[in-house]
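Report on one structure; see the data block that follows.
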Amino acid sequence: MRLPTSADLLFGQLNAAGAEDRRPWGVDHGSAAVEVRDGAVRLADVAGAARSLALAVTAEGLAEGERCVVRLEEPLDILVAVAGLTAAGVVPVLLSPRMDSVTASAALAPVPGPLHALASKQFAGEPLESGGGLRLGWEELAARGAPREDGHLPEHGVELPADSPYLVTHTSGTTGVPKLAVHTRSSFFQQAAVQVRMMRPMRLRGYLAAAISPVHVRTLSGLLGALRLRHSVLMLASEEPAVVGEQLERWRPAYLETHPNSFVTWEGLADSGAFSSVRMFLGTFDAMHPRVTAALLAGSRRFLPTFTEVYAQSELGPIAFRVSMRKKAAERRRIGADLAGHRLGVAIPGYSRLRVVDDTGKVLPRGTAGRIQVRSRGRFAGYLNFPEKFGQNLSPDGWWDSGDWGVLGRAGGLRLLDRQVERMDAVPSGIALEDVLLSRVPELVEAVILEQEGALLPVVVTGDARPLPQDRWASAVHDLPPLAPPRFMGWDDIPRTATGKVRREVLLSRLTA
């Protein structure tokens with residue numbers, strides 16, 4: 001396994017790509033640190049802003065190995081902050097701008113100081129720094145630029161051991177306070193390297209478009225992969241269909257990625273031609289519903305477009321993947337009857353391995369449901385705020401418990417049934433049942449199956465926010481396991497994490513309060 005140098009990481013690759021003066025990157029937002037001209041930025045300017053930030057935070061007193069909370073809104077600013085801090089050897093602790101202040105405080109509370117903070121005006125009132133840490137205002141620091149007395153910074157940033165912390169990102173927090181995952185320089189590099197290996201054979205030409213905040217390790221490792229492959233990127237801050245449609249029409253990307261639940265809201269763009277240039281779609285963070293995948297592929301005008309669904313975790317990077325292509329009508333009809341679990345594909349050769357075990361850790365035979373465990377070359381180093389949970393999830397022989405419940409098929413294909421803490425008694429897989437409902441009822445844009453005292457409670461959202469006629473619902477569920485009458489809600493009434501995942505425990509408690 002190759003160990004990375006600073007030249008292989010974000011700041012080093014930004015410098016290298018910027019020096020080649022390639023196509024600018026596209027953005028749909030502004031930046032306090034980088035000049036944006038007509039929705040485009042030069043990579044040389046991004047690299048220069050990161051270098052200025054590295055020198056500025058060093059002048060302020062931040063030292064190698066210290067941690068700094070980053071609380072910013074704009075994706076471009078976050079990229080500059082991460083590249084600049086890591087260039088100085090400072091470890092950024094990234095919090096999503098969608099995370100509320102109460103959750104942010106709860107996630108940081110167990111972290112021992114000193115903890116510095118780099119925050120924009122929007123988060124000025126939050127208690128982010130601790131233990132004598134410094135608080136730096138983003139707008140002021142970005143406007144100030146590099147100190148007049150230019151300090152020394154190596155060309156690719158400071159060189160640190162491969163096993164030293166590089167950055168900290170957080171988990172989704174669907175079942176509690178988000179855990180802060182520590183990624184080393186090596187684990188972060190490995191998560192990017194496997195993406196380079198998977199993307200290179202695609203020979204994509206054109207922009208790679210992504211509407212995912214760079215506070216997530218998946219986004220940052222993906223950006224590093226794009227830099228290494230010298231792809232130009234379209235960074236989208238907005239996930240609103242109208243804004244996204246305009247940006248896709250302008251830049252005509254060959255690749256498109258966002259959160260699975262955002263893809264659901266973009267389904268209506270398929271008929272507008274917005275996806276016509278896309279040759280490869282990618283979804284991770286959550287299960288992709290087959291109906292949405294089929295609609296996106298139908299909206300592409302490219303020959304043999306693909307949708308790659310990646311099963312991944314912040315702690316490990318990509319675990320398994322499945323590639324879908326356009327389906328015939330008969331195949332699409334079969335989707336609406338599959339209750340055996342959500343298909344996730346196979347482990348990534350040379351990077352990850354899968355096994356399924358019982359509650360005692362005994363490996364189960366193929367076809368038997370159990371706890372999904374993973375070995376990964378990109379495994380993280382531990383939790384900053386809950387260090388004890390790292391050992392609880394790691395088996396003595398080095399397998400990581402994913403927290404998910406699933407089945408491995410004879411050929412190595414993985415089916416996800418549910419989260420271990422969300423297993424149901426009345427149905428083998430709530431996720432699969434949700435897939436079936438969305439496939440059978442095109443009017444639905446969300447379906448969540450909850451279990452209350454052994455009864456299955458469907459919570460559904462329609463595109464026009466109106467309940468379905470009773471006979472329409474009855475026709476769709478007549479051959480499914482018994483369901484309680486559906487609860488119709490608005491899209492914005494469903495509690496979600498920063499990546500769009502449904503917070504099922506919160507939703508159930510609201511409905512039963």
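Everything quoted here is computed from the prediction, not taken from an experiment. What you see below is based on every heavy atom in this structure, not just the backbone, and it leaves out hydrogens, waters and symmetry mates.
Scanning all heavy atoms of the two residues, the minimum distance from Pro458 to Pro485 falls at CD-O, 4.2 Å. What you find for Thr368 and Val356 is that their closest heavy atoms are O-CG1, 3.6 Å. When all heavy atoms are compared, the tightest approach of Pro428 to Asp418 is O-OD2, 4.0 Å.
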Step-by-step side chain to side chain contact (heavy atoms under 4.5 Å, CB included) determination, Ser164 to Arg185: CA-CA 6 Å; Ser164 61; Arg185 299 165 77 85; 3.2 Å; yes

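Interatomic distance, NE2 of His289 versus CD1 of Ile431, reported as 8.5 Å (0.5 Å rounding). Here CG of Leu508 is found 7.5 Å from CG of Leu457. Values are rounded to the nearest 0.5 Å. Put simply, CG on Leu94 and CG on Leu220 are 6.5 Å apart, with the number rounded to the nearest 0.5 Å. Leu128 CG to Cys68 SG: the interatomic distance, rounded to the nearest 0.5 Å, is 9.5 Å. Atom CD1 of Ile212 is separated from atom CG of Leu282 by 8.0 Å, given to the nearest 0.5 angstrom. In this structure, CG in Leu437 is found 5.0 Å from CG in Leu433, a value given to the nearest 0.5 Å.
Residues passing the salt bridge (charged side-chain N to carboxylate O under 4.0 Å, His left out) test with Glu434, sequence neighbours excluded: Arg504. Here Phe188 pairs with Tyr166 under the ring-ring contact (aromatic ring centres under 6.0 Å, His included) rule; sequence neighbours left out. For Phe275, the ring-ring contact (aromatic ring centres under 6.0 Å, His included) test picks out Phe281, with sequence neighbours left out. For the side-chain hydrogen bond (donor to acceptor under 3.5 Å, both in side chains) test, residues two or more places apart in sequence or in another chain that qualify with Thr5 are Asp8. Listed by chain and number, the residues in a side-chain hydrogen bond (donor to acceptor under 3.5 Å, both in side chains) with Ser221 are Gln195 (sequence neighbours excluded). Every residue two or more places apart in sequence or in another chain that forms a ring-ring contact (aromatic ring centres under 6.0 Å, His included) with His170 is listed here: His216. Residues meeting the ring-ring contact (aromatic ring centres under 6.0 Å, His included) test with Trp266, sequence neighbours left out: Phe263.
When only modelled atom types and interatomic distance are considered, Gln420 and Asp401 share a side-chain donor-acceptor pair under 3.5 Å.
When atom types are taken as modelled, the side chain of Gln191 and the backbone of Gly378 share a donor-acceptor pair closer than 3.5 angstrom. Formation of a donor-acceptor pair under 3.5 Å by the Glu73 side chain with backbone atoms of Pro97 is not found in this model. When atom types are taken as modelled, the side chain of Thr284 and the backbone of Val310 share a donor-acceptor pair closer than 3.5 angstrom. A donor-acceptor contact shorter than 3.5 Å is absent between the side chain of Asp404 and the backbone of Ile372. Not a single donor-acceptor pair under 3.5 Å links the side chain of Arg203 to the backbone N or O of Arg200. In this structure a side-chain-to-backbone donor-acceptor pair under 3.5 Å is present from Ser300 to Val278. Side-chain atoms of Arg322 do not come within 3.5 Å of backbone N or O of Gly345 as any donor-acceptor pair. A donor-acceptor contact shorter than 3.5 Å is absent between the side chain of Ser187 and the backbone of His183. At distances below 3.5 Å, at least one donor-acceptor pair connects side-chain atoms of Ser6 with backbone N or O atoms of Val158. Counting only distance, with no hydrogens or angles, the side chain of Arg440 and the backbone of Ala476 share a donor-acceptor pair below 3.5 Å.
A 4.5 Å side-chain heavy-atom check between Leu95 and Leu108 finds at least one atom pair inside the cut-off. Side chains of Met99 and Val215 form no contact here, defined as non-hydrogen atoms less than 4.5 Å apart. Annotation: side chain of Val111 is in contact with side chain of Arg67 (closest heavy-atom distance under 4.5 Å). Residues Val292 and Leu438 form no side-chain contact, since every pair of their non-hydrogen atoms from C-beta on lies 4.5 Å or further apart.
Under the 4.0 Å criterion applied to side-chain N and carboxylate O atoms, Glu267 and Arg291 are assigned as salt-bridge partners. The pair Glu443-Arg472 meets the salt-bridge criterion, with a side-chain N (NZ, NE, NH1 or NH2) lying under 4.0 Å from an Asp/Glu carboxylate O.
No more than 12 heavy atoms of other residues, nucleotides or ligands shown are found within 6.0 angstrom of CD on Gln470. No more than 12 heavy atoms of other residues, nucleotides or ligands sit less than 6.0 Å from atom CD of Glu453.
Contacts classified as salt bridge (charged side-chain N to carboxylate O under 4.0 Å, His left out) and involving residues 489-498 (residues at least two apart or in different chains) are given here: Glu446-Arg496. Among residues at least two apart or in separate chains, side-chain hydrogen bond (donor to acceptor under 3.5 Å, both in side chains) pairs with a member in residues 355-365 are Arg355-Gln373, Arg355-Asp397, Asp358-Thr360, Asp359-Arg371. Applying the salt bridge (charged side-chain N to carboxylate O under 4.0 Å, His left out) test to residues at least two apart or on different chains, the pairs with a partner in residues 209-224 are Arg218-Glu257. Among residues at least two apart or in separate chains, ring-ring contact (aromatic ring centres under 6.0 Å, His included) pairs with a member in residues 343-394 are Phe380-Tyr383, Phe380-Phe390, Phe380-Trp400, Phe390-Trp400. Listed by first then second residue, pairs satisfying salt bridge (charged side-chain N to carboxylate O under 4.0 Å, His left out) with a partner in residues 93-105 read Arg98-Glu239, not counting sequence neighbours.
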